[in-house]
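Inspection log for the structure reproduced underneath, given as structure tokens.
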Amino acid sequence: MRWDGEVCIVSGDNRAWGSSNNPKTVIELWCRSREGHSVVLLVNGLSPYLEISESQTIGNQEPTKSLEVVSQMSEVTEPPILVGEKLSQDGKVRNHYRVMIKDTRFVRNLRKRLIEIGWKVTSADILFVHRLLLDLDLGPHIATDGEVLWAGPRAPSHLASKFEGKRVEAAERIRDIGGSGLYPCDMVVSCDIGELSRADPFPTPFVTLSFDLETSVRHNTILCAAVVVARGEERTEHEFRGPEKEILEGMTRLVRDEDPDFITGYNIDNFDLPRVLERAEENAGRSKFEQAALCGWGRVPAVESEQKRLRPSRRLNRVWDLTGRIPMDAWWQVRQTLRPERESLRFVANLLWPESEDKQKLDIDASKMDEEWRARPDEVMEYCVRDTHLPLDILAHLQSVERKEALAAVAKTTVETAATGTTSQWIDSLVIRLADKEEIAVPMTQSGPRRRDQIAGGYVHEVEPGLKPWVAVLDFKSMYPSIMISQNICSTTLVRDESKEESHNVSPEGTARYVSFDERKGLVPRLLSKLMEQRDYHKTELKKARESGDEEAVFLHDQLQYAVKILMNSFYGVFASSFYRFTHPDLGASITEWARHNIRTIIENVEKGGHNVVYSDTDSICVQAQVETDSPINKPPDDSLVYSDWLAAKEETLRTGNRLAEKFTKEGAELEFETALSAFFSHGAKKRYVGRVVWPREEMLIRGYEVRRTDSFRLLTSTMTEMFELILSNEEWSAVEMSKAVIDDVRGRRIEASDLVISRSCKGSLRRDGRVDFHKVYKNPDSLPYVRAAKQRIEAGLGFTPGMKVGWIVTNAKTSPMTVEAWMVDELGVEPPEYDPEFYAKRLATALGRITEAFHWNAKELLEGTRQQSIFDF
DNA sequence: CAGGTATCCTAC
DNA sequence: TAAGGTAGGATACCTG
């Protein structure tokens, strides 16, 4: 029986099968169909391989090394096949041979042996699933037509009915083509590589499961758990209580029944997942079979041979690996996209849904969970269920899943690689498939020449302290990608010998030269131009869809254009890194060389043209417009006499911006007029400035200052913001007075402690017993206020997971190190700590004084101004 | 108390 | 033993 349809690949893996005479490798693709069914595709027909070439010989003469020796190696299935000439990493062209391998597990060994006997080895470190997508030029969305080997109750009914009561036969047929048995999915479909093809991206109806554990503070045991499954708009709740073993069994059964693609929760990476594993081991003893029943969440049959893939496991470092599914911690998503001041679930819920009381109501004291559980288990359970819904709400709000899917579509990877992979994996996916097409050998990671010292980065212009009226801000559109395109920068176009052709693109400081675009187009420039076109396409389609009111298309194209942007911006970083497979030390260095050259040349020319360049950073430039000297910077009312003066100044600034953009834009370096400011202010430090934007919208622009920083405290942020408003309105005196008043308030303890919470992220190394070791990551952990605060949280039973932000109040700065108290009010509802007024007064004065110093009011004076008042206090 | 070191966070 | 980059500001702690 056959099934055809479109699916999105969640993740993939491979298994060896067949016989020693006829070894085969099947690729397992865990997918979700367009209609919502979970499908395991078992793909046969592709064999693992790598490529070899001679280290020395050039050209297409017969190899001096023996291909016969390679043929005889036990891991190799047939004599190497000549694939033709390919461009090697060192810039030379050589014959390359494909070596077919019995099993992916032998690759590492074979690689080593081939290198030992003098071969150059390429295309030898690519995961087999990636190989499938590369060779067939597939993305995550594919169409397939295959043989149905199993259809469960949730499969289309005409299929499901055929398999009723035939589990054993189905499992056997699956094993016959290389699968491991009855996968816990709606359907298992077998196909050949010829039966897969690309499909246009569509919004996949993924299923997400969220879970939360309530654990004993004293014994680390699980008291109860909740699971919420989101299938489309529908959510189902599940509660688990009773003996710990039954809780674990129940959850595992549910995961396998519901068969989600994503697993989420708040802090699951560092808390819930490790805890599930640890408790499963504790309850199951040594029996691996028992362990699988307690934590076998992987999307593979619950059989002995699958022990490894059944359990969640921590991949080399941070990310979790759960076969066939994607663990996605809502905490990490929040952190990356929202950057909240504090990261507790309570704080984030409050931030996102300030109106919704039920999401933040606090009625359980998590630090006394044992007592709470004993006294009122029903309320604890309710609290647990509510906290299980929140991660789903958060992911939906941040559109995390949709964004990963769009990135996967653009980078042509599985959704898993988009969600948990590294930027170099995304770039690999595009670059390798083009390299294969263009006869360019694919070197292994870490195989090229490596650089030890840093490359020079962007240029940052000095900034004078003070207020500058009427400034036009311009910047280069996608500066680094544009440079890479226009200079044809790529490891395949880098000139490695002494030849100096007229046509070469030579970097300004002479570090590198690249062959011209006409001679050979680099892989990277071509990919980047395509991505630029693709982004323009999605933007056009987005506009069209908006006009026609097609909301689904609006959503899709918006996600896709954003994903293209993310991907394009990742190129420079990867190619400037010291270890990427297609990089060379000169690549990154020459990109920034051109960047510095371009911006400096423009600064010079703008200044020659009589304009004052106020500031510049890497790809942006702030230029003063030449307006009438007494032009107002504050927008007067429409009917005011000076309104026309303000308007004239604004228009002159727009003219300046547009004129400069036109004048300095050249092929491959497009200078865009970004914003017009009626005033620009900096106290004289690079990367710290503010501006009042008057075009294209009206708003205040703040960069770098404490206002932008998540480790500032609320009072400082709000005071400084207010100060900037005044400064940008030419009311410096008021700014100073206002600051003094605030400093005075803090000294008089008239400020609420919640406005004084300082918070910073704190690292740590998680030990097997669940405790955190700070010495591994910090030289002198106890000298750091956030480590001291983290320790207090742990002490209080509130939990701390490495990497999270920790909030604290300084209660006495006279001690050394200063005394701090962790902020636990959000979570425990306790009384806030009593703060040290002098400390906060001083910190405010320092930060604000740095700014007022531009008007000759320093920190000391801000503090002194208040002293007179405190004399009266006595 | 000046200066150096460790650390975090941001701009681009 | 895993991996996008550099430039830059600021704070707390420690040392001599």
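The figures that follow rest on heavy atoms only: side chains count, while hydrogens, waters and symmetry mates do not. By convention in this document, chain letters (A, B, ...) are assigned in the order of the sequence lines, proteins followed by strands, and residues within each chain are numbered from 1.
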In whole angstroms, the gap separating P of dA11(B) from CG of D475(A) amounts to 15 Å
Under 4.0 angstrom between K687(A) side-chain N/O and dG9(C) OP1 or OP2:
no
Taking the six-membered ring for Trp, are F582(A) and Y580(A) parallel (under 30°), tilted (30 to 60°) or perpendicular (over 60°)?
tilted
OH of Y572(A) versus C1' of dA7(C): gap in Å, rounded?
11 Å
Remember a base hit wins even if backbone is also touched, and classify M479(A) as base, sugar-phosphate or nothing at under 4.0 Å, heavy atoms.
nothing
So F839(A), base contact, sugar-phosphate only, or nothing? Heavy-atom distance under 4.0 Å.
sugar-phosphate
Using a cut-off of 4.0 Å on non-hydrogen atoms, how would the nucleic acid contact of K763(A) be classed: base, sugar-phosphate, or nothing?
sugar-phosphate
Selected nucleotide, minimal atom distance to V460(A) side chain, candidates dA7(C), dT10(B), dC12(B)
dA7(C)
Let me know, please, whether C762(A) or Y689(A) comes out on the 5' side of the other along DNA chain B by nearest nucleotide.
C762(A)
Within the structure, does a side-chain N or O atom of T592(A) lie under 4.0 Å from either OP1 or OP2 of dT6(C)?
no
According to a strict under-4.0 Å criterion, is T710(A) in side-chain N/O contact with OP1 or OP2 of dT10(B)?
yes
Need one value for G457(A): base, sugar-phosphate or nothing, where a base atom within 4.0 Å counts as base even if backbone is also close, heavy atoms only.
sugar-phosphate
Please report the distance, rounded to the nearest Å, between CG in D617(A) and P in dG9(C).
11 Å
Check the phosphate of dT11(C) against R709(A), side-chain N and O only, distance under 4.0 Å to OP1 or OP2. Yes or no?
no
Say whether Y705(A) and H683(A), considering side chains only, have a donor N or O and an acceptor N or O under 3.5 Å apart.
yes
In whole angstrom, what separates R850(A)'s CZ from dG8(C)'s P?
17 Å
Are any of R596(A)'s side-chain N or O atoms less than 4.0 Å away from OP1 or OP2 of dA7(C)?
no
Candidate pair E821(A) and W808(A), rule side chain to side chain donor-acceptor pair (under 3.5 Å), full reasoning
CA-CA 5 Å; E821(A) 277 185 42; W808(A) 72 89; over 6 Å; no
dA12(C), dA7(C), dG9(C): which one has an atom nearest the side-chain heavy atoms of P785(A)?
dA12(C)
Is any side-chain nitrogen or oxygen of S577(A) closer than 4.0 Å to OP1 or OP2 of dG5(C)?
no
As a test of reading the structure: which of dA12(C), dA10(C), dA7(C) is closest to the side chain of M818(A), going by heavy atoms?
dA12(C)
Applying the Watson-Crick and G-U wobble criteria at under 3.5 Å, what pairs with dC9(B)? Answer none if nothing qualifies.
dG8(C)
Quick one: label Y778(A) by what it contacts on the DNA or RNA (base, sugar-phosphate, nothing), any heavy atom closer than 4.0 Å.
sugar-phosphate
Checking dC14(C), dC8(B), dA10(C) against the side chain of S783(A) (C-beta onward), the nearest is dC14(C)
Any side-chain N or O of R843(A) below 4.0 angstrom from OP1/OP2 of dA10(C)?
no
Heavy atoms only, 4.0 Å cut-off, all strands: where does I455(A) land among base, sugar-phosphate and nothing?
sugar-phosphate
Aromatic ring centroids of Y480(A) and F571(A) under 6.0 Å?
no
Presence of H683(A) side-chain N/O under 4.0 Å of dA10(C) phosphate oxygens OP1/OP2
yes
From dG9(C), dC12(B), dC9(B), pick the nucleotide closest to the side chain of R688(A)?
dG9(C)
What is the nucleic acid contact for A847(A), judged by heavy atoms within less than 4.0 Å: base, sugar-phosphate only, or nothing?
nothing
Can you work out whether G684(A) or Q425(A) has the more 5'-proximal nearest nucleotide on DNA chain C?
Q425(A)
In whole Å, I'd like the distance from the CE atom of M568(A) to the P atom of dC12(B).
18 Å
Could you check which of dC14(C), dC12(B), dG4(C) has an atom nearest any side-chain atom of S424(A)?
dG4(C)
Under 4.5 Å between any side-chain heavy atoms of T710(A) and R760(A), yes or no?
no
With heavy atoms under 4.0 Å as the rule, sort R339(A) into base, sugar-phosphate or nothing.
sugar-phosphate
For dA3(C), which nucleotide in any strand shown is its Watson-Crick or wobble partner with both distances under 3.5 Å?
none
Does a nitrogen or oxygen in the side chain of N780(A) sit under 4.0 Å from OP1 or OP2 of dC13(C)?
no
Phosphate oxygens OP1/OP2 of dT10(B): is one of them under 4.0 Å from a side-chain N or O of K686(A)?
no
What do the steps show when you test S313(A) against D321(A) for side chain to side chain donor-acceptor pair (under 3.5 Å), and what is the final call?
CA-CA 5 Å; S313(A) 64; D321(A) 200 4; 4.6 Å; no
What is the separation between atom CG on L848(A) and atom P on dG9(C), rounded to the nearest whole Å?
19 Å
Any side-chain N or O of R708(A) below 4.0 angstrom from OP1/OP2 of dA11(B)?
yes
Answer yes or no as to whether dA3(C) has its base stacked against F579(A), where stacking requires a ring-centre separation under 5.5 angstrom and planes under 30 degrees apart.
yes
Any side-chain donor near an acceptor of the partner, S11(A) and T414(A), under 3.5 Å
no
Among dA10(C), dG8(C), dT7(B), the one nearest E706(A) by side-chain distance:
dA10(C)
H775(A) NE2 to dA6(B) C1': how many Å, rounded?
15 Å
Residues Q425(A) and T417(A): side-chain donor-acceptor under 3.5 angstrom
no
Separation of K565(A) atom NZ from dG4(C) atom P, in whole Å?
20 Å
Scan Y459(A) against the nucleic acid and name what it touches under 4.0 Å (heavy atoms): base, sugar-phosphate only, or nothing.
nothing
Provide the distance between the two P atoms, one in dG5(C) and one in dT1(C), to the nearest whole Å.
15 Å
Just to be sure I understand the rule, does G588(A) reach a base, reach only the sugar-phosphate, or reach nothing, if contact means heavy atoms closer than 4.0 Å?
nothing
Do other residues, nucleotides or ligands put more than 12 heavy atoms under 6.0 Å from the CD atom of E509(A)?
yes
OP1 or OP2 of dC13(C) sitting under 4.0 Å from any side-chain N/O of Y786(A)?
no
